[in-house]
Amino acid sequence: MSEEKKSLNFIEQIIEDDLANGAKVENLRFRFPPEPNGYLHIGHTKAIGISFGLGEKYNAPVNLRFDDTNPAKEEQEYVDAIKKDVTWLGYEWENECYSSDYFQQLYDWAIQLIKDGKAYVDSQSSEEMAKQKGTPTTTGVAGPYRDRSVDENIDLFTKMKNGEFEEGSHVLRAKIDMSSPNMLLRDPLMYRILKKSHHRTGNDWVIYPMYDWTHGESDYIEQISHSLCSLEFKPHRDLYNWFRDNVYTYSKENYPLPPKQREFSRLNLSYTIMSKRKLLKLVEEGVVSGWDDPRMPTISGLRRRGYTPAAIRNFIETVGVSKRENIIDVALLEFKIREDLNKNANRVMGVLDPVKLVITNYPENKEEILIAENNPELEDSGSREVPFSGELYIEREDFREEANKKYFRLKLGKEVRLKNGYIIKGESCIKDEEGNITEIHCTYDPLSKSGSGTEESKRKVKGTLHWVSIKHAVEAEVRVYDRLFSDEAPDSHKDKDYMEFLNPDSLKTIKAFVEPSLRKAKIGERFQFQRLGYFNVDDDTNLEKLVFNKIVGLRDTWAKKSK
RNA sequence: AGACCUGUGAUGUAAUGGUUAGCAUACAAGAUUUUGAUUCUUGUUGUAUAGGUUCGAAUCCUGUCAGGUUUACCA
């Protein structure tokens with residue numbers, strides 16, 4: 001591998017600088033810390049790619065840590081789904097960690113902070129506290145409980161822990177600075193009472209630590225060197241450091257390396273949304289069939305749609321890392337899956353919108369076996385047999401009675417080639433009362449068979465059509481997807497709800513006919529339906545029913561021009 | 001608007017004070033093609049803005065403008 005002077009992104013630069021300033025490469029350690037309250041989406045892949053990518057680059061461990069401090073929203077189902085998705089993407093974590101495993105340590109440190117006069121129990125309502133907090137432009141004021149004695153604080157906090165108080169009656173707050181320009185430093189909450197069962201700790205705890213108190217200290221316990229998160233946590237950094245520096249004075253023998261937080265901009269993709277809450281609503285309201293609906297931007301949705309881990313990882317790689325807001329064109333993601341599948345997916349023929357084609361001079365009842373290359377882009381991918389006969393299906397839009405020279409497909413009096421087969425000439429067509437074409441008649445040139453080596457077989461005709469032999473065709477259900485939203489940034493409008501932009505035609509279910517070799521196709525297998533696009537075999541496939549998802553269409557300059 | 005962050009073609013990103021600002025996607029033209037695909041060639045569009053520092057500025061400084069974040073017992 002030629003490591004051409006590949007430029008470093010700003011995070012890699014920070015790490016290189018740290019290394020140059022004495023940090024040891026063997027102390028590098030990263031983490032990916034999802035909250036198990038929903039399914040991972042393409043946006044998370046960026047965070048995953050950054051931390052696990054750094055792990056691969058520096059041969060450093062990367063933990064998968066579940067940030068499970070809010071039992072009201074978190075479930076084991078999500079933990080399992082997240083593990084499956086990260087694994088599917090091809091990453092291996094060093095340790096599977098849970099913030100809930102640190103609840104006791106966090107509690108012990110909280111006691112020390114109280115003893116040092118750096119935390120206190122507040123017994124007001126959240127409204128009262130919010131009022132005292134001030135606003136970004138006005139400073140806050142101290143509440144009436146801010147100067148409780150250490151003994152009283154210890155007593156109250158112990159009782160909170162022991163379940164002697166109701167939810168909402170008391171909280172533990174860090175005592176920092178009510179006039180800080182950073183609102184997060186105006187005595188942030190560390191603990192609240194929550195009498196809910198936790199998916200891992202059950203009913204052991206009735207007080208739960210808040211994100212800010214938990215996250216940095218979890219990094220610290222795991223000795224994460226660089227805690228990388230998205231930009232909206234930038235203001236939390238001061239608080240991250242405040243907690244870290246205090247705890248460090250208590251535990252530097254056990255945990256010698258203080259971690260540091262750095263922030264990057266999150267990924268946004270055009271024509272979709274990236275908020276777990278909003279995605280959950282699509283699931284709950286039945287707009288989609290589930291978290292893994294192929295139209296969803298979730299990892300599980302992309303997987304079911306037929307995306308490959310390689311394509312997604314390449315996409316993330318190409319997108320890069322910076323600190324500016326961005327909306328990445330979904331066309332880039334589509335390019336990446338085409339790039340992968342063009343190289344790796346076998347070619348087959350299927351007709352999505354069939355019309356009958358009869359070859360009038362083809363001997364009655366004759367059948368032939370034609371040879372078709374599996375993948376001209378991949379050496380040694382071999383070939384397969386495709387049955388041919390005098391009655392075929394072709395795509396309805398591949399025939400016109402008459403058309404101008406720009407139309408390369410079948411028309412009356414003109415020739416095209418049937419892929420892997422013969423050159424045919426349009427002769428006539430039959431229509432029903434409404435004028436719809438029901439049958440096309442053509443003649444073929446028996447000497448023009450593909451690969452036969454004859455003069456005739458080498459003739460150049462402009463168009464080539466895909467087809468299936470009616471007698472041998474296999475019926476299949478094909479699900480054709482369009483973008484879920486019609487707007488480029490559906491949740492960026494202040495005056496309109498993202499639900500207003502739902503595309504009513506995002507799913508079309510079609511009855512199609514495919515070549516018989518696909519009878520043996522396995523769930524998850526991907527193919528290029530020639531001239532149409534890439535498709536995979538959906539999970540709903542069973543012995544009676546073959547179901548395909550359209551992953552993405554081929555690039556189609558003709559469709560663009562003919563508009 | 002207090003504080004903080006960010007502004008490079010249509011989109012994303014690179015250039016770490018030093019040649020005509022690079023790459024990918026997108027778009028366009030041509031060649032090749034038994035997929036109007038692929039592949040190949042070529043082309044179009046950019047340093048938000050005004051000053052300053054410097055021999056030299058996308059890069060450093062200041063102002064302006066624009067966008068974002070920040071006032072949850074969520075993470």
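In the text below, chain A, chain B and the rest are named by the order of the sequence lines, each starting its count at 1.
The C1' atoms of B:rG46 and B:rA21 are separated by 9 Å, rounded to the nearest whole Å. B:rG7 sits 13 Å from B:rC61 when the P atoms are compared, rounded to a whole Å. Taking the P atom of each, B:rU62 and B:rC5 are spaced 12 Å apart, rounded to whole Å. Going from the P atom of B:rG18 to that of B:rC40 covers 33 Å, rounded to whole Å. Taking atom C1' on both nucleotides, B:rU59 is separated from B:rG52 by 15 Å, rounded to a whole Å. Only the P atoms considered, B:rU64 is 9 Å distant from B:rA1, to the nearest whole Å. Taking atom C1' in both B:rG12 and B:rA26, one finds a spacing of 11 Å when rounded to whole Å. Separation of the C1' atoms belonging to B:rA48 and B:rG67 is 11 Å when rounded to the nearest angstrom.
A:I328 comes within 4.0 angstrom of sugar-phosphate atoms only, judged by non-hydrogen atoms across all strands, and of no base. Contact annotation for A:L184: no contact, since no heavy-atom pair falls under 4.0 Å across all strands. A:K323 comes within 4.0 angstrom of the backbone, heavy atoms only, and of no base. At the heavy-atom level, A:V171 lies under 4.0 Å from base atoms of the strands shown. Looking at heavy-atom distances under 4.0 Å, A:S322 makes contact with sugar-phosphate atoms alone, never a base. Across all strands, A:F233 comes closer than 4.0 Å to base atoms (heavy-atom distances). At the heavy-atom level, A:K406 lies under 4.0 Å from base atoms of the strands shown. At the heavy-atom level, A:N342 lies under 4.0 Å from the strands shown only through sugar-phosphate atoms. Residue contacts shown for A:T69 are limited to sugar-phosphate atoms, with no base heavy atom under 4.0 Å away. Using a 4.0 Å heavy-atom criterion, one finds that A:Q528 contacts the bases of the nucleic acid, with or without backbone contacts as well. Nucleic acid contact class of A:K462 (heavy atoms, under 4.0 Å, all strands): base. Among the atoms of the strands shown, none is found under 4.0 Å from any heavy atom of A:R186. The residue A:D556 sits close only to the backbone: its heavy atoms come under 4.0 Å of sugar-phosphate atoms, none of a base. Counting non-hydrogen atoms under 4.0 angstrom, A:G463 reaches nothing in the nucleic acid.
Using modelled atom types and a 3.5 Å distance limit, the side chains of A:S265 and A:N326 yield a donor-acceptor pair. A donor-acceptor contact closer than 3.5 angstrom is absent between the side chains of A:H466 and A:R347. For the residue pair A:Q261 and A:E263, a side-chain donor N or O sits within less than 3.5 Å of a side-chain acceptor on the partner. A donor-acceptor pair shorter than 3.5 Å can be found between the side chains of A:N344 and A:D340.
A 3.5 Å limit on both hydrogen-bonding distances identifies B:rA31 as the Watson-Crick or G-U partner of B:rU39. Both distances falling under 3.5 Å, in either a Watson-Crick or a G-U wobble arrangement, place B:rA66 opposite B:rU6. B:rU59 is unpaired under the criterion used here, namely a Watson-Crick or G-U wobble arrangement in which both key atom distances are under 3.5 Å.
Panel note: side chain A:K195, backbone A:G163; a donor-acceptor pair is recorded below 3.5 Å. Side-chain N or O atoms of A:W467 include one that pairs as donor or acceptor with a backbone N or O of A:K419 at under 3.5 Å. For the pair A:S230 (side chain) and A:R266 (backbone), a donor-acceptor distance under 3.5 Å is absent.
Taking atom CG of residue A:D238 and atom C1' of nucleotide B:rA3, one finds them 10 Å apart after rounding to whole Å. Computed from coordinates, the A:E232 CD to B:rG68 P distance equals 14 Å when rounded to whole Å. Here the C1' atom of nucleotide B:rC73 and the NZ atom of A:K196 are 10 Å apart, to the nearest Å. The separation between A:E317 atom CD and B:rC23 atom P is 18 Å, rounded to whole Å. Spacing between atom CG of A:D398 and atom P of B:rU34 amounts to 18 Å, rounded to whole angstrom units. What separates OH of A:Y98 from P of B:rA75 is a distance of 18 Å, to the nearest Å. Atom CZ of A:F264 and atom C1' of B:rU13 are 16 Å apart (whole Å). Atom C1' of nucleotide B:rU33 and atom CD of A:E377 are separated by 11 Å, given to the nearest angstrom.
A close approach under 4.0 Å does not occur between any side-chain nitrogen or oxygen of A:R531 and OP1 or OP2 of B:rU34. A sub-4.0 Å separation between OP1 or OP2 of B:rU34 and a side-chain N or O of A:K460 is present. For the pair A:R409 and B:rU34, the criterion of a side-chain N or O lying under 4.0 Å from OP1 or OP2 is not met. When the side-chain nitrogen and oxygen atoms of A:R324 are compared with OP1 and OP2 of B:rG68, none of them lie within a distance under 4.0 Å.
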Distances under 3.5 Å between protein N/O atoms and the N/O atoms of nucleotides 24-30 of chain B, please, pair by pair.
residue: B:rC27; atom: OP1; partner: A:K560; partner atom: NZ; Å: 2.4

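Ring centers of A:F233 and A:Y211: under 6.0 Å apart, within the cut-off. Remark: aromatic rings of A:Y208 and A:Y191 are distant, center separation not under 6.0 Å.
Surrounding NZ of A:K414 are at most 12 heavy atoms belonging to other residues, nucleotides or ligands under 6.0 Å away. For A:E317, the CD atom is loosely surrounded, since the number of other residues' heavy atoms within 6.0 Å does not exceed 12.
Out of B:rA75, B:rC5, B:rU16, the shortest distance to the side chain of A:Q13 is found at B:rU16. Out of B:rC74, B:rU35, B:rU16, the shortest distance to the side chain of A:R347 is found at B:rU35. For A:L554, counting side-chain heavy atoms from C-beta on, the closest listed nucleotide (B:rA37, B:rG2, B:rC74) is B:rA37. Taking the side chain of A:K419 as heavy atoms from C-beta on, and the options B:rU35, B:rA15, B:rU70, the nearest nucleotide is B:rU35. Closest to the side chain of A:E325, out of B:rG68, B:rU6, B:rG36, is B:rG68. With distances taken from any side-chain atom of A:T135 to the nucleotides B:rU71, B:rU34, B:rA75, the minimum falls on B:rU71.
Look at A:Y211 and the base of B:rA75; the rings do not stack under the cut-offs of 5.5 Å between centres and 30° between planes.
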>> Using the rule given for side-chain hydrogen bond (donor to acceptor under 3.5 Å, both in side chains), can you reason through A:R531 versus A:T464, listing the C-alpha separation, both sets of side-chain angles and the distance that settles it, and then say yes or no?
In response: CA-CA 9 Å; A:R531 302 213 301 135; A:T464 301; over 6 Å; no

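Mapping A:G134 and A:F10 onto RNA chain B via the closest heavy atom, the residue that lands nearer the 5' end is A:F10. Toward the 5′ end of RNA chain B lies the nearest nucleotide of A:N326, the other residue of the pair A:N326 and A:L418 mapping further downstream.
Remark: the A:H466 side chain and the B:rA37 base include no donor-acceptor N/O pair separated by less than 3.5 Å.
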